[in-house]
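Below are the structure tokens for one structure; questions will follow.
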2 protein chains.
Amino acid sequence: MKKIVIEEQDINALQDTIYVIGGKWKLPIIYSICNGNKRFMDIERSIPGLTTRMLARNLKELEDNKLISRIMNADIGVAEYEFTEYAKEYGTLIMNLIAWGKKHRAMIIESLR
Amino acid sequence: MKKIVIEEQDINALQDTIYVIGGKWKLPIIYSICNGNKRFMDIERSIPGLTTRMLARNLKELEDNKLISRIMNADIGVAEYEFTEYAKEYGTLIMNLIAWGKKHRAMIIESLR
DNA sequence: CGGTATCCTCTCTGATACTG
DNA sequence: CAGTATCAGAGAGGATACCG
């Protein structure tokens, strides 16, 4: 039986982590950019139900957290969004979260049978 | 340069994960139980600003997700909450999230200087 | 095209009182 | 002690119109 020991400051770090990728649209947006969408319009159209207001807000938050970068291409007059190298370093962590989510869902479903 | 590849169903798993430990009070509550608090009153008093309503609701959600278990001790007339073995299996993941949160915070602070 | 501004709704949260 | 019930406020999110 393992023992969990967490310090108070860790809780703050953990809440920060969750906040950065939390909310209704952050992950769908990340997913969309993963799939090659770079422009505002492309991202917006790739996510059903997402409004321009929420997209603008969430892109700004992700940018503030250095997970994506906004590059204004003056030549062609459009902005492009892409992942930062910083974001890419955390692919493994994301994968761990995904793996946990899948196991968790399976466990909950099993427990309801 | 690493490439991130995420499937659509992964996004759902990820949102589930975040939902389970998201919100304002889940992590402080987990932290409190970590520190040996087992009874409703003890947990409530250990977290400034937490109301009985939110504690009751969050304990129920954590219980629904099998992360904690509620044990009614009829002999002494009190309920006790404790982590499930299931929750303990994911200590490593929690630690990874904490580590990420700390590095992330340091990076953001550094970028603002 | 790539956003802002405005208004509205709805959920989450807070304060407080009450109960077995 | 361990909650539940009720009401009210704040903030996230949605619909739509407008702007450089």
Side-chain angles (χ1 to χ4, degrees), chain A residues 11-12 14-33 35-65 67-83, chain B residues 11-12 14-33 35-65 67-83:
Chain A
I11 293 296
N12 298 328
L14 203 37
Q15 283 186 319
D16 287 353
T17 306
I18 291 170
Y19 178 77
V20 169
I21 52 175
K24 187 171 177 179
W25 300 111
K26 295 254 175 60
L27 291 169
I29 290 167
I30 288 171
Y31 170 64
S32 176
I33 296 175
N35 274 18
N37 294 309
K38 290 171 178 289
R39 289 158 62 166
F40 194 95
M41 245 315 183
D42 292 338
I43 298 168
E44 187 176 8
R45 278 184 304 199
S46 73
I47 304 173
L50 175 60
T51 60
T52 59
R53 198 179 82 99
M54 293 314 293
L55 178 55
R57 179 185 298 190
N58 281 277
L59 284 173
K60 196 163 292 175
E61 287 180 20
L62 289 170
E63 199 188 348
D64 288 344
N65 280 300
L67 292 179
I68 61 173
S69 57
R70 179 180 182 279
I71 296 146
M72 188 58 197
N73 190 331
D75 292 349
I76 55 176
V78 298
E80 294 199 334
Y81 293 91
E82 57 183 38
F83 287 115
Chain B
I11 293 295
N12 298 328
L14 202 37
Q15 283 186 318
D16 287 353
T17 305
I18 290 169
Y19 178 76
V20 170
I21 52 174
K24 187 171 179 180
W25 300 112
K26 293 255 175 61
L27 291 169
I29 291 167
I30 289 171
Y31 170 65
S32 176
I33 296 175
N35 274 17
N37 294 308
K38 290 172 177 290
R39 289 156 63 164
F40 194 94
M41 244 318 185
D42 292 338
I43 298 169
E44 187 176 7
R45 278 184 303 199
S46 72
I47 304 172
L50 174 60
T51 60
T52 59
R53 199 179 81 96
M54 293 313 293
L55 177 55
R57 179 182 297 191
N58 280 278
L59 284 173
K60 196 164 290 175
E61 286 180 21
L62 289 170
E63 198 188 348
D64 288 344
N65 279 301
L67 292 179
I68 61 173
S69 57
R70 179 181 182 280
I71 296 146
M72 189 58 199
N73 191 330
D75 292 348
I76 54 176
V78 298
E80 294 198 335
Y81 293 92
E82 58 183 38
F83 287 115

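Per chain, numbering begins at 1; letters A, B, ... match sequence-line order. Computed from a prediction, not measured in an experiment: that's the story for all the values here.
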Below 3.5 Å between N/O atoms, which protein atoms pair up with nucleotides 15-20 of chain D? Just atom names and distances, please.
from   : atom 1 : to      : atom 2 : distance (Å)
D:dA15 : N6     : A:Arg53 : NE     : 3.4

| OP1 or OP2 of D:dG3 sitting under 4.0 Å from any side-chain N/O of B:Tyr81? |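 True: B:Tyr81 side-chain N/O within range (under 4.0 Å) of D:dG3 OP1/OP2.
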| query | For A:Lys24 and D:dG14, is the shortest distance between a side-chain N/O and OP1 or OP2 below 4.0 Å? | reply |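 It does, given that an N or O in the side chain of A:Lys24 lies less than 4.0 Å from OP1 or OP2 of D:dG14.
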| field | salt bridge (charged side-chain N to carboxylate O under 4.0 Å, His left out) partners for A:Glu82, two or more places apart | value |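 A:Glu82 satisfies salt bridge (charged side-chain N to carboxylate O under 4.0 Å, His left out) with A:Lys38 only.
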| task | Kindly give the heavy-atom pair with the smallest separation between A:Leu59 and A:Ile29, and that separation in Å. | result |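 That closest heavy-atom pairing would be CD2-CG2, 4.0 Å.
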| task | Taking the side chain as every heavy atom from C-beta outward, state whether A:Leu55 and A:Thr52 have any pair of such atoms under 4.5 Å apart. | result | no
| message | For A:Asn35, give me all partners under side-chain contact (heavy atoms from CB on, under 4.5 Å), at least two apart in sequence or on another chain. | response | A:Tyr31
| Test side-chain hydrogen bond (donor to acceptor under 3.5 Å, both in side chains) applied to A:Arg70 - qualifying residues, sequence neighbours left out |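 Checked A:Arg70 against side-chain hydrogen bond (donor to acceptor under 3.5 Å, both in side chains); matches are A:Tyr81.
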| task | Could you list the residues that satisfy side-chain hydrogen bond (donor to acceptor under 3.5 Å, both in side chains) with A:Glu44, not counting sequence neighbours? | result |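 Scan of A:Glu44 (side-chain hydrogen bond (donor to acceptor under 3.5 Å, both in side chains), adjacent residues dropped) gives none.
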| query | Can you give the first and last nucleotides of DNA chain C, 5' to 3', that have an atom under 4.0 Å from a heavy atom of chain A? | reply |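 In short, chain A contacts DNA chain C from C:dC1 to C:dT6.
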| field | Interatomic distance where CZ belongs to B:Arg45 and P belongs to D:dA2 [whole Å] | value | 9 Å
| Protein-nucleotide distance (A:Met54, atom CE; D:dA12, atom C1'), rounded to Å | 6 Å
| message | Please report the distance, rounded to the nearest Å, between CD1 in B:Ile18 and P in D:dA12. | response | 16 Å
N/O donor-acceptor pairs under 3.5 Å from side chains in residues 17-25 of chain A, not counting sequence neighbours:
from    : atom 1 : to       : atom 2 : distance (Å)
A:Thr17 : OG1    : A:Ala13  : O      : 2.8
A:Thr17 : OG1    : B:Leu97  : O      : 3.1
A:Thr17 : OG1    : B:Gly101 : N      : 3.3

| message | Test of understanding: with salt bridge (charged side-chain N to carboxylate O under 4.0 Å, His left out), list the residues that count as partners of B:Lys60, not counting sequence neighbours. | response |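 B:Lys60: no salt bridge (charged side-chain N to carboxylate O under 4.0 Å, His left out) contacts found.
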| request: Give the rounded distance in Å between these two atoms: CD of A:Glu61 and P of D:dG11. | output: 14 Å
| task | Could you list the residues that satisfy side-chain hydrogen bond (donor to acceptor under 3.5 Å, both in side chains) with B:Asn12, not counting sequence neighbours? | result | none
| query | Between A:Trp25 and D:dG14, does any side-chain N or O lie under 4.0 Å from OP1 or OP2? | reply | yes
| query | Under 4.0 angstrom, heavy atoms only, what part of the nucleic acid is B:Arg39 near: base, sugar-phosphate, or nothing? | reply | sugar-phosphate
| In chain order, what residues pass the salt bridge (charged side-chain N to carboxylate O under 4.0 Å, His left out) check against B:Asp42, with sequence neighbours excluded? |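 For B:Asp42 the salt bridge (charged side-chain N to carboxylate O under 4.0 Å, His left out) partners, ignoring immediate neighbours, are B:Arg45.
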| said: The criterion is side-chain hydrogen bond (donor to acceptor under 3.5 Å, both in side chains); which residues satisfy it with B:Ser32, sequence neighbours excluded? | reply: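 Counting only residues at least two positions away or on another chain, B:Ser32 forms a side-chain hydrogen bond (donor to acceptor under 3.5 Å, both in side chains) with B:Asn37, B:Ser46.
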| Rounded to the nearest Å, what distance is computed from the CG atom of residue B:Leu55 to the C1' atom of nucleotide D:dT4? |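 Going from CG in B:Leu55 over to C1' in D:dT4 covers 13 Å.
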| request: Take the C1' atoms of the five end pairs on each side of the helix from C:dC1-D:dG20 to C:dG20-D:dC1, get both axes, and report the angle to 10 degrees. | output: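 Here the local axes at opposite ends form an angle of 40°.
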